[in-house]
There are 2 protein chains.
Amino acid sequence: MEPSQLRRAGLKITVPRLKILEILADNQTRHMSAEDVYRRLLDAHEDIGLATVYRVLTQFEAAGLVTRHHFAGGTAVFELDQGEHHDHIVCEDCGRVEEFTDASIEDRQREIATRLGFKITDHSLILRGRCVRDGCPHRPPPP
Amino acid sequence: MEPSQLRRAGLKITVPRLKILEILADNQTRHMSAEDVYRRLLDAHEDIGLATVYRVLTQFEAAGLVTRHHFAGGTAVFELDQGEHHDHIVCEDCGRVEEFTDASIEDRQREIATRLGFKITDHSLILRGRCVRDGCPHRPPPP
DNA sequence: CTAGTTGCAAATCATTTGCACTTGC
DNA sequence: GCAAGTGCAAATGATTTGCAACTAG
């Protein structure tokens, strides 16, 4: 939400960029697709096109302000990059996303990469499953 | 490459299915996109449409014969499922893919999922990096 | 002022689908 | 013979791009 972040990334401070940053920072939903962001803009009566949303999100990603994930097959979701890296577990039925980090997994990844002659620049670990929460549609009816 | 596998999956044994299975089994390239498979079919002068390739690959996936991965952003790649599960590390520059398994990572994943109230149905761990091999385009010129 | 930005519409890419025509069993 | 399978073309959904108008510095 800091204009300074934009400037540091070599991006002019414009209304679309500030608005989109604001929406991402308003952590109601931490993981949003371009469409999601666009809809919020429409709700807020901002006159910003979907193409701009995509462009801005891509620039934010390049600037390291935002991370792009591919949870579902088709659509990418974006998440404001607030310090620490983390992995994700996604519920196949209700779409709920939980985040976690595990040092031993991270260590192991680095070891494996080294052993195979790679230098890791990025990695994604996504677990998919069914969550055991009340809201979740798949839950079997109680007997 | 066994017709029996098809039958077991409840799929009729047809030319397109056999040909596609054959191409996947010919492990020149273990990870192929639908386009890749289609091109091989064209090379082999088989009269099989791209739509059929997609349909067949999707059926194979449903039948557990094949696994679908999302290494790059847009395109999915398919891999013949030969027994053991494994994860992947992909070179950003040359596209080389290496496979690995790590029991301790698998264990940890299960623990984490349980702790967060999920039952894992699937997971994908993809490391991205640069490989230190001769063929790789990014390699710095020797000084 | 002017390079960087944006909106819109049209273009692209990967994948899916409708439908009339084959083909396996 | 008939349901299942296929080819083709058109439809879809996500994302990108060309371009003329706009705006931040």
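Within every chain, numbering begins at 1; the chains are lettered A, B, ... in the order of the sequence lines, protein sequences first and strands thereafter.
Taking five base pairs at each end of the helix from C/dC1-D/dG25 to C/dC25-D/dG1, the local helix axes there meet at an angle of 30°, rounded to 10°.
Each of C/dT6, D/dG7, C/dC8 was ranked by its minimum atom distance to the side chain of A/Ala51; first place goes to C/dC8. Listed candidates were D/dA14, D/dG5, D/dG7. Nearest to the side chain of B/Thr52 is D/dG7.
Under the 4.0 Å criterion applied to side-chain N and carboxylate O atoms, A/Arg40 and A/Asp43 are not assigned as salt-bridge partners.
Separating the CG atom of A/Leu41 from the C1' atom of C/dG7 is a distance of 13 Å, rounded to the nearest angstrom. Here D/dT6 presents its P atom at 12 Å from CG of B/Asp47, a figure rounded to the nearest Å. Note: CG (B/Leu57) to C1' (C/dA14) measures 13 Å, nearest angstrom. For the pair B/Leu50 CG and D/dA10 P, the computed distance is 16 Å after rounding to whole Å. Rounded to a whole Å, the CE atom of A/Met32 is 15 Å from the P atom of D/dA14. Spacing between atom NZ of B/Lys19 and atom C1' of C/dG24 amounts to 17 Å, rounded to whole angstrom units. As a whole-Å value, the separation of B/Glu46 CD from D/dG7 P is 10 Å. Rounded to an integer number of Å, the gap from B/Leu18 CG to C/dG24 P is 10 Å.
Each of A/Arg128, A/Glu92, A/Arg130 was checked for a side chain to side chain donor-acceptor pair (under 3.5 Å) with B/Thr121, and the lone residue meeting it is A/Glu92.
Below 30°, between 30° and 60°, or above 60°: for B/His31 and B/His88 the angle between ring planes is above 60°, a perpendicular geometry.
Close to C/dT6, at under 4.0 Å from its OP1 or OP2, lies a side-chain N or O of A/Arg17. For A/Tyr54, no side-chain nitrogen or oxygen approaches OP1 or OP2 of D/dT16 to under 4.0 Å.
Within a heavy-atom distance below 4.0 Å of DNA chain C, no residue of residues 59-71 of chain A is found.
In this structure, the side chains of B/Glu84 and B/Glu99 stay at 4.5 Å or more apart for every pair of heavy atoms. B/Phe100 has its side chain within reach of A/Leu116: a pair of non-hydrogen atoms, C-beta onward, lies under 4.5 Å apart. Looking at heavy atoms from C-beta onward, B/Glu106 lies in side-chain contact with B/Asp87 at the 4.5 angstrom threshold. Residues B/Val66 and B/Leu80 are in side-chain contact: their nearest non-hydrogen atoms beyond the backbone lie under 4.5 Å apart. Between A/Asp102 and B/Ile105, every side-chain heavy-atom pair lies at or beyond the 4.5 Å cut-off.
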- Message: Run the side-chain contact (heavy atoms from CB on, under 4.5 Å) test on A/Leu11 and A/Phe60 for me, step by step, so that the C-alpha distance in whole Å, both residues' side-chain angles and the decisive distance to 0.1 Å come before the verdict.
- Response: CA-CA 9 Å; A/Leu11 298 170; A/Phe60 282 4; 4.2 Å; yes

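Across all strands shown, B/Arg55 has heavy atoms under 4.0 Å from base atoms, whether or not it also approaches the sugar-phosphate.
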- Using a 4.0 Å heavy-atom cut-off, write out nucleotides 20-25 of chain D from 5' to 3' as B (base contacted by protein), S (sugar-phosphate only) or - (no contact). ----BS

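Shown here for B/Cys91 and B/Cys131, the closest heavy-atom pair between the two residues is SG-N, 3.3 Å. When every heavy atom of B/Arg17 is checked against every heavy atom of B/Lys12, the shortest pair comes out as NH1-O, 2.9 Å.
When only modelled atom types and interatomic distance are considered, B/Thr75 and B/Glu35 share no side-chain donor-acceptor pair under 3.5 Å.
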